[in-house]
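Just below is one structure, and these are the notes that go with it.
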Amino acid sequence: MTDEWQGWREAAEQALYGPDGFYVRPGGPGPSGHFRTSVHASALFAGAVARLLADVDESLGRPRELALVDVGAGRGELLSAVLAAAPRELSARVRAYAVERAPRPPGLDHRIEWLAQPPSGVAGLLFANEWLDNVPVDVAETDAAGVARYVLVRREDGEERLGDPVTGPDADWLARWWPLAPGGEPGLRAEIGRPRDAAWAAAVATLDAGLAVAVDYAHERTARPPFGTLTGFRAGREVRPVPDGTCDITSHVALDACALPGAELLSQREALHRLGVTASRPPLALASTDPAAYVRALSGAGEAAELTARGGLGDFTWLTQPAGSSPPGGISPSGA
C-alpha cells in the first residue's frame with residue numbers, strides 16, 4: 001500500500017482510464033453492468049435520437065455523408081440501436097463513430113468506426129450521453145477559515161484531506177460558476193468543472209456543421225449542491241467513491257458552464273416529448289380490436305414513463321449546441 005495523496009482529478013483519471021482502469025479493463029461488462037442509463041432502459045431512447053438525427057440531416061440539406069458521433073460510447077449500444085431505428089435511406093448515408101477509450105468490443109456492427117477521439121471536420125450529430133460526468137475534475141472544500149482548498153484523496157481507501165488553497169484559473173472558475181463564500185461555513189464543497197468545459201468545447205469544435213448534444217445529471221449556478229455530488233457506482237449500487245479502479249467515479253455536471261453561445265438547456269422529459277416520446281396510454285378500445293397492438297403500445301407507454309419520470313431519468317439535462325458556420329437549430333418544440 002502507498003500513502004500517496006492526489007487531487008481528485010488525477011486520482012479519478014487513473015482509476016477510470018489508467019492501466020486496468022474501471023472503463024478500459026478488458027473483458028468487463030462495460031457501463032451497463034454497473035448502472036442503468038436511458039440507452040439501456042428502452043429502445044425508445046435510440047428512436048428519439050434517430051429522429052433527431054433525421055432533423056439534423058434535413059437541416060443540413062441531406063448531405064451525401066452524415067456523421068453520427070457517440071462520445072463515451074460504452075460498448076456501442078446506442079449507435080447500434082440508432083442505425084437500426086433510422087430509415088434505411090438515412091442509415092445508408094450515416095457514417096457512425098464510437099468515441100471510447102476502452103477497446104472495441106467483439107461483434108460490434110462493422111459500420112461503426114471505433115476511435116479514441118472525436119473525428120474532426122465532419123457534419124452531423126454529435127451525441128454524448130453520460131460522458132461529461134466521467135471527465136475527472138478536482139474537488140474543492142472550505143476549511144475552518146472558509147478558504148477553498150483542493151481535496152486530496154488516497155487511492156487505496158478513499159480517505160481525504162485538504163491540500164493547498166485553490167488559486168488561478170480554478171479559483172476564477174469557482175468565483176464565476178460555483179462560488180464558495182470566503183470566510184463562510186467550513187465543509188462546503190464544489191467540483192471544479194473547468195476540464196469538462198474544455199472537453200465539451202473541443203468536442204463541439206470537431207463539427208464543421210451540425211448539432212452537439214450532451215445529456216447528464218446536472219445543476220445550475222442558482223442551485224448548486226452545497227456539499228457537491230461526487231460518488232461511486234458498482235454493480236448497480238451507489239457506493240463510497242474510492243479511486244482504486246473497482247468502481248465508477250462520477251459527479252453531476254455544471255452544464256450551464258459548459259454551454260457555448262446559442263445553446264439550450266432543457267430536461268430530458270421536455271427533450272423527449274419534443275422528439276415524440278410520451279407516456280400516453282393507448283385507448284382501451286384497441287384492446288378489443290387488436291390485443292397484440294394494445295400490449296405493445298402499453299409496454300411502450302411504460303418505457304416512455306421511465307425515460308421521462310420526475311425524480312428519475314426524466315431529470316437528466318440535455319445541452320443542445322448548434323455547431324459550425326451554418327448550424328441547424330436545436331430540438332424543435334414540435335419535434336419537427
Could you check whether any side-chain heavy atom of Thr317 comes within less than 4.5 Å of a side-chain heavy atom of Asp216, counting everything from C-beta outward?
no

Taking all atoms of both residues into account, what is the closest heavy-atom pair of Gly158 and Val242, and its distance?
N-CG1, 3.7 Å

Matching residue for Leu211 among Val56, Leu126, Leu60 - test: side-chain contact (heavy atoms from CB on, under 4.5 Å):
Val56

Does Trp114 form a side chain to side chain contact (heavy atoms under 4.5 Å, CB included) with Val99? I'd like the steps, not just the answer.
CA-CA 6 Å; Trp114 197 263; Val99 180; over 6 Å; no

Does the Gln321 side chain pair with the main chain of Leu260, one donor and one acceptor, at a distance under 3.5 Å?
yes

Between Phe127 and Phe45, how do the two ring planes meet: parallel, tilted or perpendicular, split at 30° and 60°?
perpendicular

Partner of Arg194 under salt bridge (charged side-chain N to carboxylate O under 4.0 Å, His left out), chosen from Asp170, Asp138, Asp172
Asp170

Between Thr246 and Asp244, is there a side-chain donor-acceptor contact under 3.5 Å, judged purely by atom types and distance?
yes

Which value, rounded to the nearest 0.5 Å, describes the distance between Asn129 atom CG and Trp318 atom CH2?
8.0 Å

Any non-hydrogen side-chain atom of Thr320 less than 4.5 Å from a side-chain atom of Leu266?
yes

Applying the 4.5 Å side-chain criterion to the ILVMFWY set and letting contacts propagate, would Leu180 and Val151 be lumped into a single cluster?
no

How about Tyr150 and Trp5: are their ring centres within less than 6.0 Å of each other?
no

Can you tell me if Arg196 uses its side chain to pair, donor with acceptor, with the backbone of Cys258 under 3.5 Å?
no

Please determine whether the number of non-hydrogen atoms from other residues, nucleotides or ligands lying under 6.0 Å from atom CD of Glu159 exceeds 12.
yes

Just verifying a value: how many Å separate Gln268 CD and Tyr217 OH, rounded to the nearest 0.5 Å?
8.5 Å

Are Arg154 and Asp157 within salt-bridge range, i.e. N to O under 4.0 Å?
yes

Heavy-atom pair of closest approach, residues Ser251 and Asp133:
O-CB, 3.3 Å

Can a salt bridge be assigned to the pair Glu13 and Arg101 using a cut-off of 4.0 Å between side-chain N and carboxylate O?
yes

Shortest non-hydrogen contact from Ala263 toward Leu319:
CB-CD1, 3.5 Å

Pairwise distance CD1(Ile112) to CG(Asp70) - rounded to 0.5 angstrom
8.5 Å

Shared hydrophobic cluster for Tyr97 and Leu78 (ILVMFWY, side-chain gaps under 4.5 Å):
no

Salt bridge check, Arg161 against Glu141: does any charged N sit closer than 4.0 Å to a carboxylate O?
no

For residues Ile192 and Trp173, report the shortest heavy-atom separation together with the two atoms involved.
CA-CZ3, 3.8 Å

Ring centre gap for His219 and Trp178 strictly below 6.0 Å:
yes

Salt bridge check: are Glu264 and Arg274 linked by an N-O gap of less than 4.0 Å?
yes

Closer than 3.5 angstrom, by distance alone: can the side chain of Ser91 be matched with the main-chain N or O of Arg88 as a donor-acceptor pair?
yes

Can you confirm whether Ile249 sits close enough to Pro136 that some side-chain heavy atom of one is under 4.5 Å from a side-chain heavy atom of the other?
no

Within the distance-only criterion (no hydrogens, no angle test), does the side chain of Glu100 pair as donor or acceptor with the backbone N or O of Ala73 below 3.5 angstrom?
yes

Side chain to side chain, Val213 and Leu125, heavy atoms closer than 4.5 Å
yes

Could you report the tightest heavy-atom contact between Leu16 and Cys247, atom names first, then the distance?
CD2-O, 4.1 Å

State the CG-OG distance between Leu207 and Ser120, to the nearest 0.5 angstrom.
10.5 Å

Do Phe316 and Leu272 share a hydrophobic cluster (ILVMFWY, side-chain heavy atoms under 4.5 Å, transitive)?
yes

Identified side chain to side chain donor-acceptor pair (under 3.5 Å) counterpart of Thr229 within the set His252, Arg224, Glu191
Glu191

Nearest non-hydrogen partners of Ala46 and Val82, listed with the distance:
O-CG2, 3.7 Å

When hydrophobic residues are tied together by side-chain contacts of less than 4.5 Å, even through go-betweens, does Val71 share a cluster with Val24?
no

Do Val69 and Leu108 share a hydrophobic cluster, counting only Ile, Leu, Val, Met, Phe, Trp and Tyr and linking them when any side-chain heavy atoms are less than 4.5 Å apart?
no

Okay, side chain of Arg221, backbone of Arg176: is any donor-acceptor separation there less than 3.5 Å?
yes

Quick one: does Leu188's side chain get under 4.5 Å of Phe227's, heavy atoms only?
yes

Is any NZ, NE, NH1 or NH2 atom of the basic residue among Arg93 and Glu65 found under 4.0 Å from an Asp or Glu carboxylate oxygen of the other?
no

Give a yes-or-no answer on whether the side chains of Tyr23 and Asp248 include a donor-acceptor pair shorter than 3.5 Å.
yes

At what distance, to the nearest 0.5 angstrom, does CG of Asp315 lie from OG of Ser267?
7.5 Å

As a quick check of understanding, evaluate side chain to side chain contact (heavy atoms under 4.5 Å, CB included) for Trp8 and Leu152, giving each step before the final call.
CA-CA 6 Å; Trp8 264 108; Leu152 306 182; over 6 Å; no

Any Leu255 side-chain heavy atom under 4.5 Å of Trp200 side chain
no

Taking Thr142 for the side chain and Glu185 for the main chain, is one N or O donor matched with an acceptor at less than 3.5 Å?
yes

Enter the distance from Glu113:CD to Leu68:CG here, rounded to the nearest 0.5 Å.
11.5 Å

Heavy atoms, side chains only, cut-off 4.5 Å: are Pro225 and Arg189 in contact?
no

Whether the side chain of Arg62 engages the backbone of Asp57 through a donor-acceptor N/O pair (distance < 3.5 Å, no angle test) should be reported.
no

Side-chain contact, heavy-atom cut-off 4.5 Å: Arg95 with Leu66?
no

Any salt bridge linking Arg149 with Asp143? Criterion: basic side-chain nitrogen under 4.0 Å from a carboxylate oxygen.
yes

